[in-house]
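Read the structure below first, then the notes.
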2 protein chains.
Amino acid sequence: MGKRKLSKSERHQALLQAIENDPFKTDEELAELFKVSIQTIRLDRMELRIPEVRKRTRQLARDAYSKVKSIGAVDVIGELVDVELNVSGKSIFEPEAGMTFEGNNVVRGHFIFAQANSLAVAIIDAEVALTGFSHIKYLRPVQLGDRMVAKAKVERAKNHRFFVRINTYVEDELVFKGKFIIFAMDDHKLLKERDTVLAEEE
Amino acid sequence: MGKRKLSKSERHQALLQAIENDPFKTDEELAELFKVSIQTIRLDRMELRIPEVRKRTRQLARDAYSKVKSIGAVDVIGELVDVELNVSGKSIFEPEAGMTFEGNNVVRGHFIFAQANSLAVAIIDAEVALTGFSHIKYLRPVQLGDRMVAKAKVERAKNHRFFVRINTYVEDELVFKGKFIIFAMDDHKLLKERDTVLAEEE
DNA sequence: CTGTTTTTAATACCTAGTACTAATACGAGC
DNA sequence: GCTCGTATTAGTACTAGGTATTAAAAACAG
């Protein structure tokens, strides 16, 4: 695999990736991985505003714990513009304070995800939609104050399944991309019933 | 609320509770909470085999991340004995190494949960069962080598919803209790379809 | 070859602990 | 009262995984 020495910006990209798919790595491990000193990794993290491993994992734990993970339950994140049902759509979202990591101004990934997810669901003409997803990629960190534009395109539709591609941009720079599979359901009695039962059980 | 000084064992109980519903508390915060010194808290944690806050949260993060939380996907945890379909059941489970927290021998909660969940699902006579749950309580830590006996009783059944109470014991001492709601479904085409589609999308 | 950027090094400090030793307080029985 | 044993608190040395800062060395670009 890639052995030649990476440039700073290449390393930054690789670092974002590496931490994305294993947030538990310490600076020491990352330094070994990229064959640079620990200090270099720390500088990189500063520039990329990536918090230390303990804060990263604490945040992960908190997210999971406080069930903010009920992303599916969020109504709509972002303002819808240009919706052509079952074909394409666009949404604009400006993250607010409280959506960032402690201290710095980098927007937490699941809000970016949530905007994309909301849009994917919104453009499908169905009463109830379930999402499956794959090939999600966060390309650059998004800052507080950035204006996120998500664009959706339905690539295929088969039976009641829609394959939707979402690209999210900040000032024409791609920050996120993902493929979503939306299941449109008419018969949604089951889900509704489940919710009401859970509610009735206090 | 409870102001009088707690005895050691009372404090131990309270400590388990406190950490259960906020695993992010540091020893310092716990010490303030119980009006004892940090050292006392540390001694308590030792005795109860509760790891430090950083390990607790790292574990939480890992659990959430590695989606071992796909507990629903686990086939069956524990050996079924005495099953009377749609009425009651019992299962026996002896946790193995690897199901404990790093270092000490305390069994991780989701295995206890998984046994209960498995049993609840198993005693319901249906092709596919979805679980909703509530009122879960871990009462005492379970050690490696403990033999966990889970007992299930169907309390109510309405339409295709079953309300199941599970109590888990170690040597006749209650270690876990929970109420589960099981949704029995005949028409499980949707779920199956969802899986095959996700698989076909590599 | 000089100037700038990038990388590495070195140091002091921080949090939230472990591991250990030692001193003190508290209650029960006599 | 005093004494024994448990419970609690105190104190010290050490650890991981950092932050923050200053300074030196290396790499590269014109």
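What's counted below: heavy atoms across the whole structure, side chains too, no hydrogens, waters or symmetry copies.
- With rounding to whole Å, A:D27 atom CG is found 20 Å from C:dC14 atom P.
- The interatomic distance linking B:M46 (CE) with C:dG17 (C1') rounds to 9 Å, in whole Å.
- Computed from coordinates, the B:D44 CG to D:dT6 C1' distance equals 14 Å when rounded to whole Å.
- Among the nucleotides D:dT9, D:dT19, C:dT8, the one closest to any side-chain atom of A:S37 is C:dT8.
- Rounded to a whole Å, the CD atom of A:E28 is 14 Å from the P atom of D:dT15.
- The separation between A:L43 atom CG and D:dT22 atom C1' is 13 Å, rounded to whole Å.
- A sub-4.0 Å separation between OP1 or OP2 of C:dT7 and a side-chain N or O of A:R42 is absent.
- Spacing between atom CZ of A:F34 and atom C1' of C:dT6 amounts to 16 Å, rounded to whole angstrom units.
- Here C:dT7 is the nucleotide among C:dG17, D:dG18, C:dT7 with the atom lying nearest to any side-chain atom of A:R11.
- Close to C:dT8, at under 4.0 Å from its OP1 or OP2, lies a side-chain N or O of A:T40.
- Within the nucleic acid shown, A:I38 has no heavy atom closer than 4.0 Å to any nucleic acid atom.
- Under the 6.0 Å distance and 45° angle rule, B:R62 counts as a cation-pi partner of A:F24.
- Among the atoms of the strands shown, base atoms are found under 4.0 Å from some heavy atom of A:Q39.
- Atom NZ in A:K25 sits roughly 18 Å away from atom C1' in D:dA16 (whole-Å rounding).
- Residue B:R147 holds its CZ atom at 4.0 Å from CD1 of B:I92, rounded to the nearest 0.5 Å.
- The environment of CD in B:E171 is sparse: at most 12 heavy-atom neighbours from other residues, nucleotides or ligands sit within 6.0 Å.
- Closest to the A:V36 side chain, of the nucleotides C:dT7, C:dT8, C:dG17, is C:dT8.
- Taking the side chain of A:R54 as heavy atoms from C-beta on, and the options D:dA7, D:dG17, D:dT19, the nearest nucleotide is D:dG17.
- For the pair B:K8 and B:E47, the salt-bridge criterion is met [side-chain N within less than 4.0 Å of a carboxylate O].
- Place B:E47 and A:T26 on DNA chain D by their nearest nucleotides, and B:E47 ends up nearer the 5' end.
- Atom-to-atom, NZ of A:K55 to P of D:dG18 comes out at 11 Å; the value is rounded to the nearest Å.
- Pairing each heavy atom of B:Q143 with each of B:P95, the nearest pair is O-CG, 4.3 Å.
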